[in-house]
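Shown next, in structure tokens, is the structure this report addresses.
A note on names: the letters A, B, ... follow the listed sequences, proteins ahead of strands, and every chain is numbered from 1.
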Protein chains: 2
Amino acid sequence: MEERSSQSEKSGSSRVGDAIGAITRHIREQELMPGDRLPSESRLSKDLKVSRTVVREAFRSLAAMRIIELNVGKRATISNIDHGAMSLIIEHGVHTEQINVQQIYDVRRTIETRIVTLAAIRRSDEEAKVILKLAQAMADSATDPAQLMEHDLAFHTALARASRNPVFELIVGAFQGITRQTWPIGWKSRTTAEARSTMIETHQRIASAVVAGDPQQAAEAMSKHFDESVHALLQAGLS
Amino acid sequence: MEERSSQSEKSGSSRVGDAIGAITRHIREQELMPGDRLPSESRLSKDLKVSRTVVREAFRSLAAMRIIELNVGKRATISNIDHGAMSLIIEHGVHTEQINVQQIYDVRRTIETRIVTLAAIRRSDEEAKVILKLAQAMADSATDPAQLMEHDLAFHTALARASRNPVFELIVGAFQGITRQTWPIGWKSRTTAEARSTMIETHQRIASAVVAGDPQQAAEAMSKHFDESVHALLQAGLS
DNA sequence: ATTCAAAACCTGTCATACAAGTTTAGGGAA
DNA sequence: TTCCCTAAACTTGTATGACAGGTTTTGAAT
């Protein structure tokens, strides 16, 4: 009954690390799907021959990565994929100066250019409607930065979803946290009314192209959007 | 001395969630950098007026995301960004059938085409040497799949590093876990000697282009690499 | 078969204890 | 003084027990 594999952290043996491995293995072997319940803490504690403390810390670790979900009174359940953890990881990277905002924008441009290309091809009519509505909502809240930002984020998320690739959606979501913190800087650096309305119009051009099912034009408009954004951030002296 | 913000999980109040928030805030306010030490568990336990259990679970959560690092006897320290958590998240998505392998390859193609473009422009001579050496190592281990795979992974990682954008490196790393599980499938589906040597030659073409500083050709070769890989996986009936 | 309340179960948090690893402080040697 | 080493002080990892709320299951009465 040895527990040799560690797979998790350093190399050494750690009860919690082993527990994480065992629980992960259990999920795979039982082919648990989102919503399915895991054994209780005491059950696992007995099976793995460790204290409940260890099982709880293992659960917390998995919950932090949004692999499982914890609720009081209920057993832990398998989660749907979620960008929450990735968002925090990216934010940490930026705050510790291991990543700068320009680098994030380069990745976003790369990803999102591909996203609109796919979205233009694959979007459903329903998705098209949502995308168009969000672009309009941006135009309507031109004087309310906080609201404008939320519509902007929702717009990019809607595009990612329309790409029909959950990994793109995950990555776009991962940048939301840090974007929320830097977006106002880019907005403030657009001092003229022209620059501001150009930004909104660009979003409308993207929306139109996706709705029209024109991948080329959608990609081009998205690229232009990022040119503007990067320019605005540089203007503001960001990184 | 209220602790109102929760920022972490659901919406409700959770001692652990609040602790995660408080610790994260502490890191930002004190502008802690990788390697810097956090207060001890008992210290935080006193400051936040919660039990050590709660602090420990909060620490575990942050450690799971590789935001901090835990070591016995030592205080927790701020981590360098690391793809470990993202790797597990992606693996979870695939195992629960929320993501399929083709979708991952589409994202990888998008990302890695951009990566080689940047690498061709920015690679240092040192990085060029490593990339070339890894491509050669792949050719040399053509008969040893396990080793070939490791060289392959190292090759893509080296390219990502040469792009000089840590976010690209992070994302490429995030796919390593699941790639390690699917790579053998792609390899086995290349049944002819031709298909196998073509795969290795393509990597050498990529390396040459990056070393030569030719972004166009590098991107083209990488694109071809993914055409082949996706073809091989489809052949194997993967998703 | 249905309903409902009690019993059984489950998670969140706290307190305490102790082994084992690390850091620090202080004293002694050079 | 400076350097080195050891003992004390501190820290983390794990276990155990307790109890307040939640949630699910059971079983009896309708």
Side-chain angles (χ1 to χ4, degrees), chain A residues 1-23 26-27 32 35-79, chain B residues 1-3 6-23 26-27 32 35-79:
Chain A
M1 289 301 130
E2 255 87 44
E3 211 59 85
R4 275 286 132 249
S5 64
S6 75
Q7 84 90 269
S8 66
E9 206 67 46
K10 276 286 153 56
S11 54
S13 60
S14 133
R15 301 258 220 277
V16 174
D18 290 347
I20 293 174
I23 295 165
H26 178 267
I27 293 174
L32 298 185
D36 289 352
R37 289 190 304 183
L38 266 66
S40 72
E41 295 172 356
S42 47
R43 179 75 266 178
L44 281 169
S45 156
K46 267 176 223 155
D47 292 352
L48 306 179
K49 298 200 226 300
V50 293
S51 67
R52 184 154 83 99
T53 309
V54 167
V55 175
R56 273 191 70 72
E57 292 190 9
F59 269 14
R60 279 285 180 205
S61 297
L62 293 167
M65 297 184 281
R66 309 296 205 274
I67 287 174
I68 67 175
E69 220 162 290
L70 305 177
N71 292 289
V72 341
K74 297 179 186 169
R75 302 240 287 273
T77 58
I78 309 295
S79 288
Chain B
M1 286 302 129
E2 254 88 44
E3 211 61 83
S6 74
Q7 83 91 267
S8 65
E9 206 66 46
K10 278 285 152 56
S11 54
S13 61
S14 132
R15 302 255 219 276
V16 174
D18 290 349
I20 293 174
I23 295 165
H26 178 267
I27 293 174
L32 299 185
D36 288 352
R37 290 190 302 183
L38 267 67
S40 72
E41 295 173 357
S42 49
R43 178 76 265 174
L44 282 167
S45 157
K46 267 177 223 154
D47 292 352
L48 306 179
K49 297 199 228 303
V50 292
S51 67
R52 183 155 83 96
T53 306
V54 167
V55 174
R56 274 192 70 72
E57 292 190 8
F59 268 15
R60 279 286 180 206
S61 297
L62 293 168
M65 296 184 281
R66 309 294 205 276
I67 287 173
I68 67 174
E69 220 163 292
L70 305 177
N71 292 288
V72 342
K74 296 179 185 171
R75 302 241 288 272
T77 58
I78 308 296
S79 289

**Asked** Start at the 5' end of DNA chain C and walk down; is the nucleotide closest to B/K74 or to A/P39 reached first?
**Response** A/P39
**Message:** Strictly below 4.0 Å: does A/R75 bring a side-chain N or O up to OP1 or OP2 of D/dT24?
**Reply:** no
**Complete:** Between B/V72 and A/V72, the residue closer to the 5' end of DNA chain C by nearest nucleotide is A/V72
**Asked** Which of these nucleotides, D/dA15, D/dT12, C/dG12, is closest to any side-chain atom of A/L70?
**Response** C/dG12
**Request:** Check whether any side-chain heavy atom of A/H26 lies under 4.5 Å from a side-chain heavy atom of A/L32, and answer yes or no.
**Result:** yes
**Request:** Would you mind telling me which residue lines up with the more 5' stretch of DNA chain D, B/G73 or A/V54, judged by nearest nucleotide?
**Result:** B/G73
**Prompt:** Within this structure, what is the CD-to-P distance between B/E57 and C/dT11, rounded to whole angstrom?
**Reply:** 12 Å
**Asked** If we only count heavy atoms from C-beta on, is the A/L70 to A/R60 side-chain gap below 4.5 Å?
**Response** yes
**Request:** Using a cut-off of strictly less than 4.0 Å, decide whether B/R56 has a side-chain nitrogen or oxygen near OP1 or OP2 of D/dG13.
**Result:** yes
**Complete:** Whole-Å distance, B/L44 CG to D/dT11 C1', equals 13 Å
**Message:** Could you tell me how far apart B/R15 (CZ) and C/dT11 (P) are, to the nearest whole angstrom?
**Reply:** 19 Å
**Request:** Take atom CD of A/E41 and atom C1' of D/dG17, then tell me their distance rounded to the nearest Å.
**Result:** 15 Å
**Message:** From CZ of B/R43 over to C1' of C/dT23, roughly how many Å is that when rounded to an integer?
**Reply:** 17 Å
**Request:** Let me know the distance between CG of A/L48 and P of D/dT14, rounded to the nearest Å.
**Result:** 13 Å
**Request:** Look only at the side chain of A/T77 and the backbone of A/D36, and say whether a donor-acceptor pair between them is shorter than 3.5 Å.
**Result:** no
**Message:** Less than 4.0 angstrom between a side-chain N/O of A/R37 and OP1 or OP2 of D/dT23, yes or no?
**Reply:** no
**Request:** Would you mind telling me which of D/dT16, D/dT14, C/dT13 lies closest to the side-chain atoms of A/T53?
**Result:** D/dT16
**Message:** Using only atom types and a distance under 3.5 Å, with no angle test, would you say the side chain of B/S45 pairs donor to acceptor with the backbone of B/V50?
**Reply:** yes
**Request:** State whether the distance check finds a donor on one side and an acceptor on the other, under 3.5 Å, for side chain B/R60 versus base D/dG13.
**Result:** no
**Complete:** Atom NZ of A/K49 and atom C1' of D/dA15 are separated, to the nearest Å, by 16 Å
**Prompt:** With no hydrogens and no angle check, is any side-chain donor or acceptor of A/R66 less than 3.5 Å from a backbone partner on A/A64?
**Reply:** yes
**Prompt:** How many Å lie between CG on A/D18 and C1' on D/dG13, as a whole number?
**Reply:** 13 Å
**Asked** Could a donor-acceptor pair under 3.5 angstrom be found where the side chain of B/R52 meets the base of D/dG13?
**Response** yes
